[in-house]
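Comments concern the structure below.
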2 protein chains.
Amino acid sequence: MPKVDVVTVKRLPQYHQILQKMKQRGREYVSSEQLARLLKVDPSLVRKDLACMMTGVQKLGYPVHLTMKKIEDLLGMRNTKEAFLAGAGSLGQALMAYTGFKQYGLKIAAAFDADPAIAGKIVNGIEVLPAEKLADLISRMNIKIGIIAVPTDVAQEVADLMVKAGVLAIWNFAPVILHAPDYVIVRNENLAAEYAKLSYKLEQSLCRRSEVNENYVFEQTDGEPALPEGK
Amino acid sequence: MPKVDVVTVKRLPQYHQILQKMKQRGREYVSSEQLARLLKVDPSLVRKDLACMMTGVQKLGYPVHLTMKKIEDLLGMRNTKEAFLAGAGSLGQALMAYTGFKQYGLKIAAAFDADPAIAGKIVNGIEVLPAEKLADLISRMNIKIGIIAVPTDVAQEVADLMVKAGVLAIWNFAPVILHAPDYVIVRNENLAAEYAKLSYKLEQSLCRRSEVNENYVFEQTDGEPALPEGK
DNA sequence: TAGATTGTTAATCGATTAACAATC
DNA sequence: TAGATTGTTAATCGATTAACAATC
């Protein structure tokens with residue numbers, strides 16, 4: 001069990017994506033400096049991240065293909081894990097269609113929906129079953145990952161149900177913070193909050209821009225050089 | 001311009017969600033201690049976060065309604081910002097249907113798709129236009145936010161187009177790291193990478209569990225008390 | 001060899017937590 | 001008043017970056 005920091009694990013898929021592109025272009029080696037530039041981090045951080053899995057080659061850098069393999073091993077990308085999806089509305093359907101998951105070893109084994117108009121259909125090759133069957137099938141199929149894409153007001157309820165049935169990780173896309181016992185891993189995705197962050201940064205940068213503009217106007221009227229931006 | 005740290009901004013929508021629930025239940029005041037427990041952070045962090053907008057009331061805590069308002073003001077939740085969405089496939093459609101955005105002031109003004117079978121339709125009340133019109137309409141409508149939900153291999157191309165047309169923030173849902181000039185804010189969502197993290201944590205916790213189990217077996221055979229888990 | 005790049009330690013930076021005086 | 005809770009400073013923690021010897 002190589003104990004790897006989660007901050008590192010978070011970056012590994014990104015290294016993998018970049019390496020994939022480089023492999024396609026026929027690159028055999030890549031330096032920590034190049035990876036770092038693409039991820040906007042420091043080269044020494046790249047070296048530290050990769051050091052937990054493998055060793056690079058002096059003068060050349062890291063072998064592209066081997067590094068990908070090592071990342072795949074560590075993340076278990078090659079052994080498929082099955083998950084159940086609660087909620088087959090538009091968000092649920094988008095998750096079923098998302099092409100990125102397969103590569104990382106995630107398979108949505110079945111979806112569940114309370115709406116009888118949807119249950120029974122097959123969406124993107126995944127069977128949608130009636131919501132009542134969720135708990136029973138989780139236990140019987142020994143499913144460990146539950147994905148939640150139900151309306152906000154029933155999200156906690158569905159999570160509780162999943163936990164009781166034996167799920168050990170919950171990936172929640174409803175805009176609400178879900179709670180579960182400590183032994184269950186919960187990831188609240190919350191796109192609305194992500195947007196709030198993006199929007200705030202945008203606002204800040206617009207302010208900075210207009211400030212710069214004001215300085216510029218000032219400069220024109222009185223001839224003072226504009227202040228250099230603080231670094 | 002109250003300069004607030006982005007780590008704080010990230011938490012504000014979560015406070016807002018919690019406060020909303022409390023308001024519904026008729027709560028008038030909430031203490032930093034209670035908010036902290038629900039967000040799994042330290043009470044002093046909550047106080048620090050809120051201090052940038054307002055002041056609490058000694059002995060009572062923070063007034064629920066006012067705190068919500070302050071957060072709404074700081075995040076600009078009440079003045080709608082328009083964004084364009086590139087890609088009206090299943091992911092794009094899910095984003096158009098996502099109810100969480102409206103509350104935070106995000107309106108998808110129009111969507112664009114290269115597929116003539118989709119372009120021309122109206123999905124969730126949002127018009128889907130042909131991809132050729134994207135750039136021109138961004139400039140003419142002075143759109144600042146571009147959302148990308150196109151296939152991975154054209155994502156960078158679409159981003160470049162958006163930047164050239166004047167977009168200042170890009171929210172990317174394709175599983176690839178997009179690059180843009182420094183003055184453009186880019187947020188790469190990358191669900192596949194999020195999954196990798198979740199999956200790794202799950203694996204770790206399963207290991208810990210089986211280790212505990214092994215200890216337990218050992219204990220049975222020789223009568224030693226199990227070691228307490230490191231804290 | 002000289003030069004490029006790794007692996008790793010120490011320094012720095014930034015965010016969270018602990019502590020506690022102020023106060024209603 | 002006594003007690004609860006804030007606001008804020010100092011201490012701690014953890015992650016990133018800088019520096020540099022090792023090495024192919």
Side-chain angles (χ1 to χ4, degrees), chain A residues 2-15 18-19 22 27-68 70-71 74 177 193 197 200-201 204 230-231, chain B residues 2-15 18-19 22 27-68 70-71 74 177 193 197 200-201 204 230-231:
Chain A
K3 181 81 177 102
V4 181
D5 214 328
V6 282
V7 290
T8 295
V9 170
K10 202 179 77 183
R11 281 186 293 264
L12 291 181
Q14 305 186 310
Y15 294 128
I18 294 171
L19 290 166
M22 297 196 153
R27 278 288 289 282
E28 282 198 49
Y29 287 89
V30 61
S31 71
S32 59
E33 205 275 331
Q34 293 168 312
L35 284 171
R37 199 169 38 229
L38 293 168
L39 250 83
K40 292 182 183 166
V41 294
D42 196 89
S44 57
L45 186 59
V46 174
R47 297 199 289 273
K48 202 163 170 252
D49 281 345
L50 299 183
C52 71
M53 303 177 296
M54 61 187 296
T55 180
V57 179
Q58 295 284 358
K59 281 183 78 173
L60 293 172
Y62 296 86
V64 171
H65 184 70
L66 179 69
T67 309
M68 286 179 71
K70 288 288 184 182
I71 293 174
L74 191 131
I177 299 169
K197 219 169 69 182
Y200 181 78
K201 278 194 201 167
Q204 288 290 309
K231 203 74 180 274
Chain B
K3 182 80 177 98
V4 182
D5 214 329
V6 283
V7 290
T8 295
V9 170
K10 202 179 76 183
R11 282 185 293 265
L12 292 180
Q14 304 185 312
Y15 294 129
I18 293 171
L19 291 165
M22 297 197 152
R27 279 288 289 281
E28 283 198 46
Y29 287 90
V30 60
S31 70
S32 59
E33 204 273 331
Q34 293 168 311
L35 283 171
R37 199 170 36 229
L38 293 168
L39 249 84
K40 292 181 183 169
V41 294
D42 195 88
S44 58
L45 185 59
V46 174
R47 298 198 289 273
K48 201 163 171 251
D49 282 344
L50 299 183
C52 71
M53 304 178 296
M54 62 186 298
T55 180
V57 179
Q58 295 284 358
K59 280 184 78 173
L60 292 172
Y62 297 86
V64 172
H65 185 70
L66 180 68
T67 310
M68 285 179 71
K70 289 287 184 182
I71 292 173
L74 192 131
I177 300 169
K197 218 168 71 182
Y200 181 77
K201 278 192 199 168
Q204 289 289 309
K231 208 45 176 305

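Sequence lines set the chain letters: A, B, ... in the order given, protein chains first and strands last, and positions in each chain run from 1. We use all heavy atoms of the structure for the numbers below, so side chains are in, but hydrogens, waters and symmetry mates are not.
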Per nearest nucleotide of DNA chain D, the residue lying toward the 5' end, B:Gly61 or A:Val57, is B:Gly61
- Message: Is the shortest side-chain heavy-atom distance between B:His65 and B:Leu19 below 4.5 Å?
- Response: no
Q) Does some side-chain heavy atom of A:Ile177 sit less than 4.5 Å from a side-chain heavy atom of B:Leu38? A) no
For A:Pro13 and B:Ala193 the tightest heavy-atom approach is CB-CB, 3.8 Å
TODO: Would you classify B:Ser44 as touching base, sugar-phosphate or nothing, given that sugar-phosphate means primed atoms plus P, OP1 and OP2, and contacts are heavy atoms under 4.0 Å?
DONE: base
On DNA chain D, more 5' by nearest nucleotide between B:Lys48 and B:Lys59 is B:Lys59
Sub-4.5 Å side-chain heavy-atom contact between A:Val64 and A:Tyr29: no
Note: chain B reaches DNA chain D at heavy-atom distances under 4.0 Å over the stretch, first to last nt, 5' to 3', of D:dG3 to D:dT8
**Prompt:** Around atom NZ of B:Lys197, are there more than 12 heavy atoms of other residues, nucleotides or ligands at under 6.0 Å?
**Reply:** yes
Sorted by chain and number, sequence neighbours left out, salt bridge (Lys or Arg N to Asp or Glu O under 4.0 Å) with B:Glu33 holds for B:Arg37
Whether A:Tyr200 side chain and B:Val4 backbone form a donor-acceptor pair below 3.5 Å = yes
If each end axis of the helix from C:dG3-D:dC24 to C:dC24-D:dG3 is fitted on five C1' pair positions, the angle between them, to 10 degrees, is 10°
Q) Going by heavy atoms in the side chains, are A:Arg11 and A:Leu45 under 4.5 Å from each other? A) yes
